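All values derive from a computational prediction rather than experimental measurement. A, B, ... follow the sequence lines: proteins, then strands. Residue 1 opens every chain.
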Protein chains: 2
Amino acid sequence: MRISDLSRLSGVPITTIKYYLREGLLPPGTPTAHNQAVYDDDHLRRLRLIRALVSVRGLSVNATAELLEALSRDDGDLHRTLGLVLGALPVGEHPAGDQPAGDTVPRARLEEAEKLIEALGWRIHRRSEGRLALARALYEMAEVGLPLRVETLVPYARLTERIAALDLDQLAGDEDDHIDIAERAVLTTILLEPVLLLLRRMAQENESASRHGTGEEPR
Amino acid sequence: MRISDLSRLSGVPITTIKYYLREGLLPPGTPTAHNQAVYDDDHLRRLRLIRALVSVRGLSVNATAELLEALSRDDGDLHRTLGLVLGALPVGEHPAGDQPAGDTVPRARLEEAEKLIEALGWRIHRRSEGRLALARALYEMAEVGLPLRVETLVPYARLTERIAALDLDQLAGDEDDHIDIAERAVLTTILLEPVLLLLRRMAQENESASRHGTGEEPR
DNA sequence: GAACGTGGAGAGTGATACTCTCCACTCTCT
DNA sequence: AGAGAGTGGAGAGTATCACTCTCCACGTTC
């Protein structure tokens with residue numbers, strides 16, 4: 001398949017595909033002549049993945065490149081792969097350590113994050129991005145006037161445990177070979193995020209309707 | 001308080017504050033002379049809220065403006081306010097209806113979203129953003145090779161129901177007046193999102209460690 | 001009354017994700 | 001075999017966004 005086919009099948013403009021090639025998001029096709037190359041279904045699949053990460057989840061092209069690079073070093077070990085995926089991912093809008101952290105996140109918040117993890121009994125890798133990111137998130141909530149206490153967070157965390165269990169079931173089951181495990185890990189973790197947030201919002205609307213008195217006309 | 005105080009207390013540069021004023025994110029101060037004005041604590045609080053939405057959650061300045069505008073029309077009715085907040089919020093990276101939807105989201109997905117909502121027994125407003133956004137999210141998952149079936153989503157949705165219940169408890173309780181209910185709804189809904197996603201990721205790591213065999217050294 | 005701060009507005013900046021333009025070459029159709 | 005379209009590659013240009021800078025006439029403070 002040539003680049004125009006790739007473009008036609010994916011809906012991504014040729015120039016954009018070239019751009020992704022240049023940026024290393026997409027591996028080069030196998031060359032057939034000095035300036036000709038062919039692409040295969042892997043390229044198509046990869047391209048769709050890129051578009052999903054970039055346009056659905058809003059990952060930056062750079063972050064996507066890093067993530068895909070980590071994925072390509074995958075050795076089939078689910079636990080390791082998941083670690084890679086989780087580690088390579090920005091959560092909020094912190095475009096790669098914009099500040100030396102020592103100043104932005106006071107030690108007190110870091111300790112609070114540790115305390116939460118300990119209270120939950122979770123085993124999280126010492127150097128996991130999550131610890132710092134969590135501390136930062138807690139710090140920001142406190143800054144804006146809504147400090148979150150450990151007692152408040154624990155019930156939330158318990159529910160996320162069960163979500164995570166569902167996630168891993170998803171990953172473990174469904175041994176259809178056409179998508180490899182690493183890619184499924186990415187999809188399940190990252191692309192499910194907006195779905196979960198949406199479900200939460202709708203559940204809030206529903207819960208609010210229930211509590212507020214059911215007289216509310218759906219109309 | 002003058003603009004420099006606002007800047008000093010919030011850490012936001014004066015020029016940026018002026019920019020927010022121009023864009024209508026921040027209401028003008030009360031003028032004391034032809035070119036002098038004073039600001040109060042509300043401005044400071046509002047400014048912190050803006051920064052949280054923009055830099056923590058990555059909301060665009062425009063979306064933030066719309067949200068704040070909706071908030072300022074708040075009448076103290078929690079259910080209504082929550083509706084406003086939820087309605088004014090982008091979830092993914094769809095910067096305000098970039099396509100006429102009829103083409104991008106096939107009717108089949110819309111029906112699937114409806115089916116899910118029905119299966120859950122949720123009461124969601126007919127014209128809720130959520131329906132379309134959910135359909136779009138499902139469509140995108142399917143596009144990328146990981147179609148989500150209703151049976152798969154229901155257990156997730158049940159957990160989000162419980163998260164939503166916690167959210168509303170948070171909102172209902174804590175009758176400390178210094179932050180009004182509308183603002184707390186925004187904070188709880190939006191700023192908790194990254195925290196929840198982080199917790200989910202860490203829970204995944206934990207769950208994966210448990211399942212994968214506990215021999216894994218934390219190191 | 002001098003130095004500094006202020007509100008307001010327009011222009012400039014830096015980052016990002018494309019998108020356009022060229023070019024020498026290759027493929028495809030007839 | 002020859003014409004027209006397509007290709008890989010690379011550099012330059014564009015659009016958007018969130019600031020950020022610069023100016024200016026005027027206030028405020030010491």
What nucleotide, of [options], holds the atom closest to the side chain of [X]?
| X | options | value |
| --- | --- | --- |
| Tyr19(A) | dT19(C), dT6(C), dG6(D) | dT19(C) |
| Ala33(A) | dT7(D), dC27(C), dT6(C) | dC27(C) |
| Ser60(A) | dT6(C), dA17(C), dT7(D) | dA17(C) |
| Ala37(B) | dC19(D), dG7(C), dT19(C) | dG7(C) |
| Ile14(B) | dC20(C), dG8(D), dT6(C) | dT6(C) |
| Ser4(B) | dA18(D), dG5(C), dT7(D) | dG5(C) |
| Tyr20(B) | dA17(C), dG27(D), dC19(D) | dC19(D) |

Nucleotide [N], atom [atom2] - distance to [atom1] of [X] in whole Å:
| X | N | atom1 | atom2 | answer |
| --- | --- | --- | --- | --- |
| Arg8(A) | dA5(D) | CZ | C1' | 15 Å |
| His43(B) | dT6(C) | NE2 | C1' | 15 Å |
| Ile17(B) | dG7(C) | CD1 | P | 10 Å |
| Ile3(A) | dT26(C) | CD1 | P | 17 Å |
| Leu21(B) | dT20(D) | CG | C1' | 15 Å |
| His34(A) | dC25(C) | NE2 | C1' | 8 Å |
| Arg51(A) | dA17(C) | CZ | P | 11 Å |
| Asn62(B) | dT16(D) | CG | P | 13 Å |

Interatomic distance, Met1(A) atom CE to Asp40(A) atom CG [nearest 0.5 angstrom]
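Atom-to-atom, Met1(A):CE and Asp40(A):CG are 7.0 Å apart.
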
If I take atom OG1 from residue Thr188(B) and atom CD from residue Gln170(B), how far apart are they, to the nearest 0.5 angstrom?
5.5 Å

Quick one: are His43(B) and Ile17(B) in side-chain contact, heavy atoms under 4.5 Å?
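The answer is no, as the side chains (C-beta and beyond) never meet within the 4.5 Å cut-off.
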
Measuring only between side-chain heavy atoms, which start at C-beta, is Val150(A) closer than 4.5 Å to Glu112(A)?
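A side-chain contact exists here, since the closest heavy-atom pair is under 4.5 Å.
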
Between Gln36(A) and Lys18(A), just flag the one whose closest nucleotide in DNA chain C comes earlier from the 5' side.
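Closest to the 5' end, via its nearest nucleotide, is Lys18(A).
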
Closest-nucleotide 5' rank along DNA chain C - winner of Asn35(A) and Thr16(A):
Thr16(A)

Answer yes or no: is there an ion pair linking Glu193(B) with Arg201(A), defined by an N-O contact shorter than 4.0 Å?
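Here Glu193(B) pairs with Arg201(A) in a salt bridge, since their nearest N and O are under 4.0 Å apart.
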
Considering only heavy atoms and no angle criterion, is a donor-acceptor pair shorter than 3.5 Å present between the side chain of Arg22(B) and the base of dG10(C)?
yes

Side-chain N or O of Tyr39(B) versus OP1/OP2 of dG7(C): is the shortest distance under 4.0 Å?
yes

